Amino acid sequence: MTEQTNIHPDQEHKSLNFIEQFIEEDIKTGKHGGRVHTRFPPEPNGYLHIGHAKAFCLDFGLAEKYNGKCNLRFDDTNPVAEDTSYVDAIKKDIRWMGFDWEDREYYTSDYFDQLYDLAVKLIKKGKAYVCDLSAGEIGANRGTPTQPGVESPYRNRTVEENLDLFKRMKNGEFPDDSKTLRAKIDMASPNMHMRDPILYRIRHVSHHRTGNKWCIYPMYDWAHGQSDSIEEITHSLCTLEFEVHRPLYEWFIRELEIFPSRQIEFARLNLSYTIMSKRKLLQLVNEKHVSGWDDPRMPTIHGLRRRGYTPESIRTFAEMVGIAKRENVIDVALLEYCIREDLNKKAARVMAVLDPVKLIIDNYPDDQEEQLKTINNPEDESMGSRILPFCKELYIERDDFKEDPPKKFFRLSPGREVRLKSAYIIKGESVEKDTDGHIIAIHCTYDPDSKSGSGQVHRKVKGTLHWVSARHALNAEVRLYDRLFNDPDPDGHKDHDFKEFINPDSLKILANCKVEPSLQQSKPLDHLQFIRLGYFNVDPDSTPEHLVFNRTVPLRDTWGKKNKV
RNA sequence: UGUCCGAUGGUGUAAUUGGCAACACAUCUGAUUUUGGUUCAGAAGAGUCCAGGUUCGAGCCCUGGUCGGACAACCA
């Protein structure tokens, strides 16, 4: 096979990231017969977030691009933290994102026997030993990055003794933490990971898949690389913090003479105004700062889905942020751009009034009703049109009226004309106020000849308002979300806990919104554009009796932005 | 006082491997618009961390610095 056959034709012209360059070199030199096989290795101890999405878009994307394969492998070597509920959530997310691991759903725990045999092989080579030191002692003997460590007194046990002890460790003869199996490398190595790293620890706990079969569990360094080799992974991609582990990864390959997978590290995704640490996300969930892993403010895939993000938008985002080795912080504005761009093409436009105020058309007959036709999406004719009921009393947005308007106010005010979207041109007349001076109704008159689409009127009106018929409107709850943190880097302050930066206004619930009647049929997770307001989706909490919408992202607002402060 | 990695507009990522620093987001104009959205046209913004060197020519190569990050869990 030539290198050409391995490269997806659509992609040839774009510039390659450094990993693609490595891969293409490997293909060119015929390494592994030009085969590309990656893996995505989540630990089932939490939900996947957008940073993981970047990683698996890379893993699966590269496999696709080079006509290879990508395995899903659960890195389940630490039974105390892991759980099957996470396995299910992770699979759901990856599938939702549009990736397919076919029948290659693997678990590191599937390899426990092979891993054990490999450890025996290492012992027989005199390259591993059973150590009786406690965790504290091992730590103390490890030295520091600038000072060499001290060799364990158990380092020179005979092969026979090590073999016997290791077998007895496996058989459960020793209590938790009383012994470990360590590689015998170099306690003076400048790389801490080469200072006789621990391969196995004793844990008498049951595992979510292997039950009580094992009481010794492999550590990451031992399990991960060897699992890559077992699966004959050609390119094993991981984040930068594993760079210092690579010499160990390669040491195992050499000593064990196993399949030489290649580890390549790239910079993890950081997003402004959020956190990506699984541990801290768990803390937000446990301490109820959010409603759960799927809270729409969470950067988790579950959260983004509920917020109204689409898989396509997240994939576009992953594509746009790129792959490199330097630390980076991506502006959330880029994510928002990606979802707006996607939803602009897909979301049906509907009328919804979030902060309603009554609008009365004085010269419109009391009991008249009209059915007005309106287009569902100006960006996509094929989405068709629908009917909007219209009558004398409507609701409009309280913001869309001002008694004495500022200079560039294009909306409704006394004596000024404005277009009601898909309906008539109206002119502001007067207001009704309660005893506190709050506006309770706005009176206007309409021009019967200005009906939308009639072609009768040629005068220009600056503004167009969205509205909903008071007689026909449905009540709805709308949840407005803002960034969860009000600091660009909540996790970046040495003397402040990230939770100090939680945005108290990240969720605003509007209980008295009015929406057009067609929304009665909306189904959970449907994407919509509330005209002039933003993109919204139907929350899973929504029912026909109690409609609930989440704001995914507001529309771009050059006017509001300019007038802030 | 160690090892490894990195450094290009505000933010990301490129630069055909030594040939006028490009693209996207963000920002700012203007046009169009029955969404102050979309679309369209345009502007501004870096001379590539610093100092030397090689070269006709360096963001790319060499030398020496500076700054930033990772690494001392029986976590992954």
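This structure is a prediction, so every number in the text was calculated from the model and none was measured. As a basis for the values below, the full set of heavy atoms in this structure was taken, side chains included, without hydrogen atoms, waters or symmetry mates.
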Return the value, rounded to whole Å, for the distance between atom [atom1] of [X] and atom [atom2] of [N].
X        : N      : atom1 : atom2 : value
A/Met383 : B/rU38 : CE    : P     : 17 Å
A/Gln147 : B/rC71 : CD    : P     : 19 Å
A/Asn17  : B/rA15 : CG    : C1'   : 15 Å
A/Leu248 : B/rC4  : CG    : P     : 16 Å

So, does the side chain of [X] form a donor-acceptor pair with the base of [N] at under 3.5 Å?
X        : N      : result
A/Arg340 : B/rG37 : no
A/Ser452 : B/rU34 : yes
A/Arg532 : B/rU35 : no
A/Glu379 : B/rU39 : no

- prompt: Taking the six-membered ring where the residue is Trp, are the ring centres of A/Phe22 and A/Phe18 under 6.0 Å apart?
  reply: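 Centroid distance A/Phe22-A/Phe18: below 6.0 Å, so yes.
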message: Are A/Trp467 and A/Phe390, when compared by the centres of their aromatic rings, separated by less than 6.0 Å?
response: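 Yes, close enough.
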Glycosidic conformation of B/rU39, taking syn as within 90° of 0 and anti otherwise: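 You should classify B/rU39 as anti.
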task: Would you classify B/rG53 as syn or anti? Syn applies when the glycosidic angle is within 90° of 0.
output: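 With its glycosidic angle more than 90° from zero, B/rG53 counts as anti.
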message: Between A/Asp487 and A/His493, do the side chains contain a donor N or O and an acceptor N or O under 3.5 Å apart?
response: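 Side-chain D/A pair, A/His493 to A/Asp487: present.
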- prompt: Going by ring centres under 5.5 Å and near-parallel planes (under 30°), is A/Tyr220 stacked on B/rA76?
  reply: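 Here A/Tyr220 fails the 5.5 Å or the 30° condition.
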Give a yes/no on whether any side-chain N or O of [X] is located under 4.0 angstrom from OP1 or OP2 of [N].
X        : N      : value
A/Arg203 : B/rC75 : yes
A/Thr146 : B/rU3  : no
A/Arg326 : B/rU13 : yes

query: Hey, what's the ring geometry for A/Tyr446 with A/Tyr424, parallel, tilted or perpendicular (30° and 60° as the breaks)?
result: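 Ring orientation of A/Tyr446 relative to A/Tyr424: perpendicular.
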- prompt: Would you call A/Glu231 and A/Arg39 a salt bridge, using N to O less than 4.0 angstrom?
  reply: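 No salt bridge links A/Glu231 with A/Arg39.
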query: Is A/Ile323 touching bases, backbone alone, or none of the nucleic acid, heavy atoms closer than 4.0 Å?
result: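 Sugar-phosphate only.
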